[in-house]
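These notes concern the structure reproduced below.
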Amino acid sequence: MQLLPAIDLKSGKAVRLYKGDFAKVSVVHEDPLAQAEVFGQAKMSYLHVVDLDGALEGKAVNATLIAQIKKQAQMRVEVGGGIRTLAQIQAYLAAGIDRVIIGSMAVKSPTFVKEALATFGPEKVVVGIDAKDGLVATEGWVEVSHVTYLELAKKMVAAGVQTIIYTDVDKDGTLTGPNFDHYRQLLRAVPSCQIIASGGVHAVEDLYELQQIGVAGVIVGKAFYEGKISLEEMQQFEDERRP
């Protein structure tokens, strides 16, 4: 199981939200490039980057900064937020980004996901499913659909998706622990899919429980920035799992 430290971008800074609420934003680092370098020097294997401005505006607002983060971090990077076109996926991949995350468009245009998979492959294109009360949230978590996270997961796997990043928005940024039951249900519903857990992680014990459940990776954001999980603990957890 991989650990993926997170950098969420808003107005050029690294920030964290509380339950996906843009009115409850806190700056965790003034310089995202410096933070990315810290993760890279720590030999973390994958960096999770979200363009929050892009998620709201429906376009890649922070693409230039994200390309700089990739160079600075010297590690694999996945990016989500505002990805609405094949051209934007192509631009990110050309900038060295290792994989892109399709979020809102997975609900609004499943055909787009199929086109992206056919064009770039399932190693480069993953789907992010964010849910409030079990219903998929879109457009930077502002809109809530009538589709359940399990329904969308099954549809995406049928379309050829091999990796899903799942966030329970009500847990995100709360430091109250992940929604373990949702991950169990996902793994039962789409056992062939790699599930990456996101939201609510607040202690190292959460990592071990998620590993036992069987997720492929865990995104660590606020727990790191607020000192609940140290960089050394993250390094140790990853080292224990390296061949």
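Computed from a prediction, not measured in an experiment: that's the story for all the values here. Because only heavy atoms are used, hydrogens play no part in the values below, and waters and symmetry mates are left out as well, while side chains stay in.
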> Going through the distances and angles, do S104 and R84 end up as a side chain to side chain contact (heavy atoms under 4.5 Å, CB included)?
Replying inline: CA-CA 8 Å; S104 298; R84 303 286 191 273; 3.9 Å; yes
Partners passing side chain to side chain contact (heavy atoms under 4.5 Å, CB included) against [X] (at least two apart in sequence or in another chain):
X	value
E151	V147, T148
Q68	L33, T64, L65
E232	S230, Q235

Taking every non-hydrogen atom, the tightest pair across [X] and [Y]:
X	Y	answer
V15	K10	CG2-CB, 3.8 Å
S45	M75	C-CE, 4.1 Å
E209	R184	OE2-NH2, 3.4 Å
P5	M234	CB-CE, 3.9 Å
A131	D168	O-OD1, 3.6 Å
A153	L186	CB-CD2, 3.7 Å

> When you look at I164 and V157, which way does the side chain to side chain contact (heavy atoms under 4.5 Å, CB included) test go after all the steps?
Replying inline: CA-CA 9 Å; I164 289 173; V157 170; 4.3 Å; yes
>> Per the ring pair (Phe, Tyr, Trp, His ring centres under 6.0 Å) rule, what does the pair list look like for residues 174-218, sequence neighbours excluded?
In response: Y149-H182, Y166-H182, Y166-Y183, Y208-F237
Same hydrophobic cluster for [X] and [Y], using side-chain heavy-atom links shorter than 4.5 Å among ILVMFWY?
X	Y	result
I195	L3	yes
F224	L175	no
V61	L9	no
I69	V28	yes

For residues 112-120, tabulate all N or O donor-acceptor pairs below 3.5 Å that involve a side-chain atom, not counting sequence neighbours.
residue	atom	partner	partner atom	Å
T119	OG1	E115	O	2.7

Are any non-hydrogen side-chain atoms of [X] and [Y] less than 4.5 angstrom apart?
X	Y	value
Q185	D181	yes
M156	P110	yes
L207	V220	yes
R99	V125	no
I89	T85	no
L52	V25	no
K124	V100	no
H48	F39	no

Can you tell me how far [atom2] of [Y] sits from [atom1] of [X], rounded to the nearest 0.5 angstrom?
X	Y	atom1	atom2	answer
L231	K43	CG	NZ	12.5 Å
Q35	L47	CD	CG	9.0 Å
D51	Q88	CG	CD	8.5 Å
K222	I229	NZ	CD1	13.5 Å
R188	L150	CZ	CG	9.0 Å
N179	S198	CG	OG	12.0 Å

>> For the CD atom on E240, are there more than 12 heavy atoms of other groups (residues, nucleotides or ligands in this structure) within a distance under 6.0 Å?
In response: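 More than 12 within 6.0 Å, yes.
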>> Is it the case that atom CG in D31 sees more than 12 heavy atoms from other parts of the structure closer than 6.0 Å?
In response: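 Result for CG/D31: enclosed.
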>> Between the side chains of R16 and D8, is the shortest nitrogen-to-carboxylate-oxygen separation below 4.0 Å, so that they form an ion pair?
In response: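 Salt bridge flag = yes for R16 with D8.
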>> Q2 vs E238, test: side chain to side chain contact (heavy atoms under 4.5 Å, CB included). Steps then yes/no.
In response: CA-CA 7 Å; Q2 283 184 330; E238 280 235 309; 4.2 Å; yes
>> For I83, is there any backbone N or O sitting under 3.5 Å from a side-chain donor or acceptor partner on Y92?
In response: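 Looks like no, no N/O pair under 3.5 Å.
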> Is the backbone N or O of L135 less than 3.5 Å from a side-chain atom of D133, with the two atoms forming a donor-acceptor pair by type?
Replying inline: no
>> Q162 vs Q194, test: side chain to side chain contact (heavy atoms under 4.5 Å, CB included). Steps then yes/no.
In response: CA-CA 6 Å; Q162 294 180 4; Q194 290 197 101; 5.9 Å; no
> To which residues is Y46 joined in a hydrophobic cluster, defined by side-chain heavy-atom contacts under 4.5 Å among Ile, Leu, Val, Met, Phe, Trp and Tyr, whether direct or through other members?
Replying inline: L4, I101, V126, I165, I196, I219
